[in-house]
Amino acid sequence: LVKYARERRTSPVIKNLLSQGLTLLAGDGETGKTSLAYLIAEAVSTGNKFADQFDTTAEDVVVVELDETYLDAGKKFVLMGLAPDPDRIHFMWSFNPMAFPELRQKVQLTNAKLVIIDSLLRAAGGEICWW
């Protein structure tokens with residue numbers, strides 16, 4: 001068991017910023033959570049520094065994008081001047097609570113070390129109702 005734990009040990013993909021396990025980014029709508037997630041995805045996919053100060057490890061990234069369409073996300077990438085490594089960034093544009101096995105398969109196929117789910121509420125089947 002100890003040998004297995006040592007073999008499974010990994011370092012965070014963004015040192016001194018992201019944890020080795022789950023990191024949850026939460027905030028009000030329209031506060032830039034998706035933009036921040038895209039900046040993180042770009043830095044990790046390319047292995048470039050995040051925010052010009054945090055070292056990253058070049059790794060594959062899976063982005064489950066449920067809050068933006070393919071076209072809107074593409075526009076945002078262009079407007080933000082992002083250039084992720086196209087061989088290391090993998091999107092899932094549709095998802096439902098029963099699709100976690102497909103997500104696991106995608107992570108295994110790509111060997112992704114970072115998974116971004118935008119948004120976790122929608123991935124779990126929830127919706128925000130503004131009455």
Side-chain angles (χ1 to χ4, degrees):
L1 184 62
V2 172
K3 180 182 176 204
Y4 177 74
R6 282 189 193 129
E7 290 172 0
R8 297 274 303 168
R9 189 179 314 162
T10 61
S11 61
V13 293
I14 301 181
K15 294 162 189 63
N16 300 317
L17 183 66
L18 294 182
S19 69
Q20 207 170 333
L22 177 67
T23 300
L24 181 64
L25 176 63
D28 290 334
E30 306 297 320
T31 57
K33 297 179 301 294
T34 299
S35 297
L36 178 61
Y38 288 172
L39 288 166
I40 290 170
E42 178 196 40
V44 172
S45 75
T46 61
N48 293 331
K49 284 189 181 248
F50 174 71
D52 291 328
Q53 67 181 6
F54 295 100
D55 291 327
T56 67
T57 304
E59 299 288 355
D60 281 65
V61 178
V62 171
V63 180
V64 177
E65 184 53 72
L66 304 173
D67 281 354
E68 295 192 348
T69 66
Y70 173 82
L71 293 174
D72 288 342
K75 288 177 188 175
K76 185 174 276 188
F77 269 74
V78 170
L79 288 171
M80 292 176 68
L82 300 178
D85 183 335
D87 295 327
R88 288 192 174 271
I89 192 164
H90 315 278
F91 281 86
M92 294 178 73
W93 297 102
S94 63
F95 196 85
N96 65 57
M98 301 304 288
F100 279 99
E102 287 83 0
L103 175 57
R104 182 179 194 169
Q105 182 180 29
K106 182 97 165 177
V107 169
Q108 289 172 336
L109 284 171
T110 62
N111 198 29
K113 299 297 185 242
L114 175 64
V115 176
I116 296 171
I117 301 175
D118 183 26
S119 80
L120 188 58
L121 178 66
R122 285 212 172 113
E127 290 289 329
I128 295 176
C129 296
W130 302 105
W131 304 102

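Because only heavy atoms are used, hydrogens play no part in the values below, and waters and symmetry mates are left out as well, while side chains stay in. No experiment lies behind these values; they were computed from the predicted model shown.
At a threshold of 4.5 Å between non-hydrogen side-chain atoms, the residues K33 and T31 count as touching. F50 has its side chain within reach of L36: a pair of non-hydrogen atoms, C-beta onward, lies under 4.5 Å apart. Within the 4.5 Å cutoff, side-chain heavy atoms of L114 are placed close to those of V61.
Under a hydrophobic-cluster definition in which Ile, Leu, Val, Met, Phe, Trp and Tyr are linked whenever side-chain heavy atoms come within less than 4.5 Å, directly or via other members, I116 and M92 are assigned to different clusters. Linking ILVMFWY residues whenever their side-chain heavy atoms come closer than 4.5 Å, directly or via other members, places F54 and L82 in the same cluster. The same ILVMFWY cluster, assembled from side-chain heavy atoms under 4.5 Å apart, contains both I89 and W93. No path of Ile, Leu, Val, Met, Phe, Trp and Tyr side chains, each step under 4.5 Å between heavy atoms, connects L24 with V44, placing them in separate hydrophobic clusters. When the side chains of ILVMFWY residues are joined at heavy-atom separations under 4.5 Å, either directly or via intervening members, F95 and V62 end up in a single hydrophobic cluster.
To the nearest 0.5 Å, the span separating CZ on F91 from CG on D118 amounts to 10.0 Å. Separation of atoms CD (E42) and CG (N48) is listed at 7.0 Å; rounding is to 0.5 Å. Atom OG1 of T34 is separated from atom CG of L25 by 8.5 Å, given to the nearest 0.5 angstrom. Taken to the nearest 0.5 Å, the CG atom of L71 stands 14.0 Å off from the NZ atom of K76. Annotation: the span from K75 atom NZ to L79 atom CG amounts to 9.0 Å, rounded to 0.5 Å. Taking CG of N111 as the reference point, atom CD of E59 lies at 7.0 Å (rounded to 0.5 Å).
Heavy-atom contacts from other residues, nucleotides or ligands closer than 6.0 Å to CD of E30 number 12 or fewer.
With T56 contributing its side chain and A43 its backbone, the two residues share a donor-acceptor pair below 3.5 Å. Proximity of a side-chain donor or acceptor of E102 to a complementary backbone N or O of R104 within less than 3.5 Å is not detected. With hydrogens and angles disregarded, a donor-acceptor distance shorter than 3.5 Å links the side chain of S45 to the backbone of D85.
Note on ring orientation: taking the six-membered ring where Trp is involved, the planes of F77 and Y38 are tilted (angle from 30° to 60°).
For D55 and K49, the salt-bridge test passes: some basic side-chain N is under 4.0 Å from an acidic carboxylate O.
Contact record, D60 with D87: OD2-O, 3.6 Å, taken as the closest heavy-atom pair.
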